[in-house]
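Quick caveat: nothing in here was measured; it's all calculated off a predicted structure. Residues: numbered from 1 along the sequence shown. Each ligand, and each atom within it, is numbered from 1 in the order the structure gives.
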Amino acid sequence: MKKDVRVAPSILASDFSRLGEEVRAITKAGADFIHIDVMDGHFVPNITVGPSIVRAIRDHSDLPFDVHLMISPVDLYVESFAEAGSDILTAHPEAGPHLHRTIQLIKRCDAKAGVSLNPSTPAEAIGPVINDVDLVLVMSVNPGFGGQMFLHSTLEKIAAIRQMIDSSERDIDLAVDGGITTETAALAVEAGADMLVAGTAIFEGGPERYSENIRALRDSSQ
Ligand code: DX5
Ligand code: ZN
């Protein structure tokens, strides 16, 4: 069942020199999750943060940490990210051959399990694990960088996954990640998403704009 739209700011677009402050500011501004993009320079052509940064910012927010693992291999690091304070750990099926094993490992570490699909990965990739996941994260850009343009071809996939989730009758969040603006948020939610991951659109303008930026995304999708 589709829920009220929740907003997950991606701290990739925040000021990394003041990360703790940024996490506090975005929490106060009305975010529902803190989205943390983990990149390894191998699965994606960029490098960001590891478990020590997740741990360092953990005390700066009571919100769930939604940790997006764009790394390969992934299983080796699941436990460290869970121990560092991740509430949701999301892995990519394209990153390795044993998605089911990765999901079970995440659950054994007491985190919720997410699966993220690249733009070129079909909705069907979720089918075999629909009864195991807590979140599906549809990438609406190729993962690796913030500030890219939303790929409209992913809307059909969001709609197909919405149907799969509804038929499963399980409580699964359907998130969209990449190029989210007030315009594209409306399209993604119309297609069936109930969670919006956004970096640029939320962090632009600095801390005094955060609550307005979050509200604009929520309002555009109602
Ligand atoms: C891209 C990341 C996204 C990204 C979103 O690989 O997964 O979370 O930070 O940034 P914007 O909203 O700027 O597209
Ligand atoms: Zn992300």
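Close approach of ligand 1 to His68 is summarised as follows: ligand atoms under 4.0 Å from at least one heavy atom of the residue are 7 (O). Atoms of ligand 1 lying under 4.0 Å from at least one heavy atom of Ser10, given by number and element, are 8 (O), 9 (O). Every atom of ligand 1 is numbered from 1 in the order shown, and the set under 4.0 Å from a heavy atom of Gly147 is 11 (P), 13 (O), 14 (O). If you number the atoms of ligand 1 from 1 as listed, the ones under 4.0 Å from a heavy atom of Met70 come out as 6 (O), 7 (O). Interface of Gly146 with ligand 1, defined as ligand atoms under 4.0 Å from a residue heavy atom, comprises 10 (O), 13 (O). Every atom of ligand 1 with a heavy atom of His35 under 4.0 Å away is listed here by number and element: 8 (O). Using a 4.0 Å cut-off to heavy atoms of Gly178, the atoms of ligand 1 that qualify are 14 (O). Near Ala198, meaning under 4.0 Å from any of its heavy atoms, are these atoms of ligand 1: 12 (O).
If you check which protein heavy atom lies closest to atom 1 (C) of ligand 1, you get Phe145 O, 3.6 Å. The nearest heavy-atom contact from the protein to atom 12 (O) of ligand 1 is Gly199 N, 2.7 Å. Summary of contacts: the protein heavy atom closest to atom 14 (O) of ligand 1 is Gly179 N, 2.8 Å. Looking at atom 6 (O) of ligand 1, its nearest protein heavy atom turns out to be Gly144 N, 2.8 Å. Among all protein heavy atoms, the one lying closest to atom 3 (C) of ligand 1 is Asp177 OD1, 2.9 Å. What sits closest to atom 13 (O) of ligand 1 on the protein, heavy atoms only, is Thr200 OG1, 2.4 Å.
Looking only at N/O/S atoms, Asp177 comes nearest to the Zn ion (ligand 2) through OD2. His68 contributes ND1 as its N, O or S atom closest to the Zn ion (ligand 2).
Heavy atoms of Pro143 found under 4.0 angstrom from ligand 1 belong to the backbone as well as the side chain.
To the nearest 10 degrees, the Zn ion (ligand 2) sees OD1 of Asp37 and NE2 of His35 at an angle of 90°.
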Would you please test Asp66 and Lys112 for salt bridge (Lys or Arg N to Asp or Glu O under 4.0 Å) and show each step?
CA-CA 9 Å; Asp66 165 33; Lys112 288 191 170 184; over 6 Å; no
Evaluate the side chain to side chain contact (heavy atoms under 4.5 Å, CB included) criterion for residues Val38 and Tyr77: first the C-alpha distance (whole Å), next the side-chain angles of each, then the deciding distance (0.1 Å), finally the verdict.
CA-CA 11 Å; Val38 178; Tyr77 303 100; over 6 Å; no
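Stacking of Arg6 on the aromatic ring of Phe33 is not recorded, the 6.0 Å distance cut-off and the 45° axial limit not both being met.
Taking hydrophobic clusters as Ile, Leu, Val, Met, Phe, Trp and Tyr residues chained together by side-chain heavy-atom distances below 4.5 Å, Leu135 does not share a cluster with Phe81. A chain of hydrophobic side-chain contacts below 4.5 Å, direct or via other Ile, Leu, Val, Met, Phe, Trp or Tyr residues, connects Ile214 to Ile36.
Ion pairing between a basic and an acidic side chain is recognised when a charged N comes within 4.0 Å of a carboxylate O; Asp171 and Lys3 show such pairing. Glu212 has a carboxylate O that lies under 4.0 Å from a charged side-chain N of Arg209, or vice versa, which qualifies the two as a salt bridge.
No side-chain donor-acceptor contact under 3.5 Å links Asn118 to the backbone of Ser120. One N or O on the side chain of Ser140 and one on the backbone of Gly178 form a donor-acceptor pair closer than 3.5 Å. When atom types are taken as modelled, the side chain of Asp177 and the backbone of Met139 share no donor-acceptor pair closer than 3.5 angstrom.
Contact check for Leu155 versus Phe150: side-chain heavy atoms found under the 4.5 Å cut-off. The shortest side-chain heavy-atom distance between His92 and His68 falls under the 4.5 Å cut-off.
Between Gln148 and ligand 1, no N or O atom pair is found at a separation short of 3.5 Å. On a distance-only criterion, Met139 and ligand 1 share no N/O pair closer than 3.5 Å. Checked by distance only, ligand 1 and Val197 stay at 3.5 Å or farther apart across all their nitrogen or oxygen atoms. The shortest N or O to N or O distance between Ala201 and ligand 1 is not under 3.5 Å.
Of all non-hydrogen atoms in Phe65 and Ile57, the two that sit nearest each other are CZ-O, 3.6 Å.
Not a single heavy atom of Ala13 sits less than 4.0 Å from an atom of ligand 1.
Checking His98 against Asp75 by side-chain atom types alone, no donor-acceptor pair falls below 3.5 Å.
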